[in-house]
Amino acid sequence: MLELELLPDLPAATEIGVFDSGVGGLSVLRELHALLPDVGLHYVADAAYAPYGQRSPDEIRQRSEQIAAHLIEAGAKLIVVACNTATAHAIEALRARWPRVPFVGTEPGIKPAVSATRNGRIGVLATAATAASSRYQALVARHGQGAEVFTQACPGVVDLIEAGQLDAPELRALVARYTAPLREAQVDTVLLGCTHYPFIEALWHEALGPEIQLLRIETAVARRAAGLWRHEHPQDHTHTLPQAPLLVETSGNAEALGQWMARVLGWGQVEVRHWAP
């Protein structure tokens, strides 16, 4: 299991900022840290406003801009929007406001799903806000040619994952409810269209059945961010330390997030701080 630790004798030097409405973006952070262990990472979980999927587009955009400003002030030279919903509603505004800061978004991989499907029928599990966004609809229109795309909104799932109820009967019932239409549509490929969803990958597999392939997005997002970082900052890879500083903040309960990370990810040595915007 990957161990992460905030080195106590070093300042928390931010180089890459990552944010999400809650714990979902930790799936991206885990991959990014493995790819760039010598780069200082700063993660913000906006738990006080989670889940974003139940917020209005204006609220999502305003919160995203507030968090991005905080990360940039702390020194972030690149920001990963590790949230499908925030990407759908805010990333263009972020890029317009900070044109010199690269922003890497998180979107369902419609194009690779089209390449992977055998029968031309694809399912996408997403938050209601992502599913309703014009950016997502444009993504499907641009890359979904030659396939039928069945989008299923999944209200309530993020809330239970945030609460750490990863095997609760309520969560299993929701997973069964949301996968049923995709099975009925006879899809053979399903995208996990939210960074929270990989934390219950086993439940999705169990509900969908072994004949349906499941595609995740966090690895592709982390690789995109790592590649962009190496291209833009080749001179920064001179660290001799085995591990760069890692700062995790939350607008919610810092102790609760720390316990969640220790229980679910095994990251018991990571310091979590409260951030009050």
Side-chain angles (χ1 to χ4, degrees), residues 20 22-28 30-31 51-53 82-85 87-88 105-133 135-224 264-265:
D20 183 28
V23 302
L26 291 170
S27 62
V28 177
R30 175 173 53 186
E31 299 282 346
Y52 280 0
C83 174
N84 296 77
T85 304
T87 298
T106 304
E107 295 178 312
I110 303 296
K111 187 174 182 179
V114 170
S115 298
T117 182
R118 300 177 300 277
N119 68 2
R121 303 171 76 84
I122 298 164
V124 180
L125 296 162
T127 67
T130 294
S133 71
R135 187 179 181 93
Y136 172 72
Q137 299 299 330
L139 188 69
V140 172
R142 186 165 64 250
H143 297 302
Q145 299 297 324
E148 291 184 87
V149 180
F150 301 86
T151 305
Q152 176 62 54
C154 304
V157 170
V158 167
D159 305 76
L160 290 168
I161 294 174
E162 286 283 333
Q165 303 297 314
L166 305 188
D167 197 34
E170 296 86 350
L171 182 56
R172 286 184 170 273
L174 288 178
V175 168
R177 181 193 308 174
Y178 298 142
T179 53
L182 301 184
R183 294 198 312 273
E184 292 172 5
Q186 298 183 332
V187 302
D188 72 350
T189 302
V190 170
L191 297 173
L192 296 182
C194 172
T195 52
H196 283 74
Y197 296 171
F199 290 122
I200 57 166
E201 183 176 0
L203 296 187
W204 298 119
H205 270 300
E206 181 181 333
L208 289 167
E211 70 281 1
I212 296 179
Q213 60 181 330
L214 207 57
L215 301 184
R216 298 164 53 163
I217 57 175
E218 69 273 19
T219 299
V221 173
R223 286 177 178 170
R224 166 62 179 157
V264 177
L265 301 175

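Being a predicted model, the structure only gives us computed values, none of them experimental. Position 1 is the first residue of the sequence, and the numbers go up from there.
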Closest heavy-atom contact between [X] and [Y]?
X    : Y    : value
P108 : G193 : CG-CA, 4.2 Å
R30  : F199 : NH2-CE2, 4.0 Å
A222 : E31  : CB-CB, 3.5 Å
V23  : E162 : N-OE2, 2.6 Å
A88  : S133 : CB-OG, 3.3 Å
A126 : A131 : CB-N, 4.5 Å

query = Does atom CD of Q186 have more than 12 heavy-atom neighbours from other groups under 6.0 Å away?
reply =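 Open.
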query = Can you find a side-chain donor-acceptor pair between T179 and R183 that sits under 3.5 Å?
reply = yes
Which value, rounded to the nearest 0.5 Å, describes the distance between [X] atom [atom1] and [Y] atom [atom2]?
X    : Y    : atom1 : atom2 : value
D20  : T195 : CG    : OG1   : 4.0 Å
L192 : L215 : CG    : CG    : 8.0 Å
L166 : R172 : CG    : CZ    : 11.0 Å
K111 : R142 : NZ    : CZ    : 9.5 Å
T189 : L191 : OG1   : CG    : 8.0 Å
E218 : T106 : CD    : OG1   : 9.5 Å

request  = Determine, step by step, whether V114 and V149 satisfy the side-chain contact (heavy atoms from CB on, under 4.5 Å) criterion, reporting the C-alpha distance in whole Å, the side-chain angles of both residues, the deciding distance to 0.1 Å, and the verdict.
outcome  = CA-CA 9 Å; V114 170; V149 180; 5.7 Å; no
Is it true that a side-chain atom of [X] and a backbone atom of [Y] form a donor plus acceptor pair closer than 3.5 Å?
X    : Y    : answer
S27  : G24  : yes
W204 : Y197 : yes
E107 : L139 : no
Y52  : N84  : no
Q145 : A141 : yes

Is [Y] close to [X] at the side-chain level, that is, under 4.5 Å between some pair of heavy atoms?
X    : Y    : answer
P181 : F150 : no
L174 : C154 : no
P51  : T127 : no

key: Identified side-chain contact (heavy atoms from CB on, under 4.5 Å) counterpart of L182 within the set I212, I122, V187   = V187
message = With side-chain contact (heavy atoms from CB on, under 4.5 Å) as the criterion, how do V157 and I200 come out once you've worked through the C-alpha distance, each side chain's angles and the decisive distance to 0.1 Å?
response = CA-CA 10 Å; V157 170; I200 57 166; 4.0 Å; yes
ask   = Is any side-chain N of the basic residue among R121 and D188 closer than 4.0 Å to the acidic one's carboxylate O?
value =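 Salt bridge between R121 and D188, a charged N being under 4.0 Å from a carboxylate O: no.
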request  = Could you walk me through whether E201 and R216 pass the side-chain contact (heavy atoms from CB on, under 4.5 Å) test, one step at a time?
outcome  = CA-CA 9 Å; E201 183 176 0; R216 298 164 53 163; 2.4 Å; yes
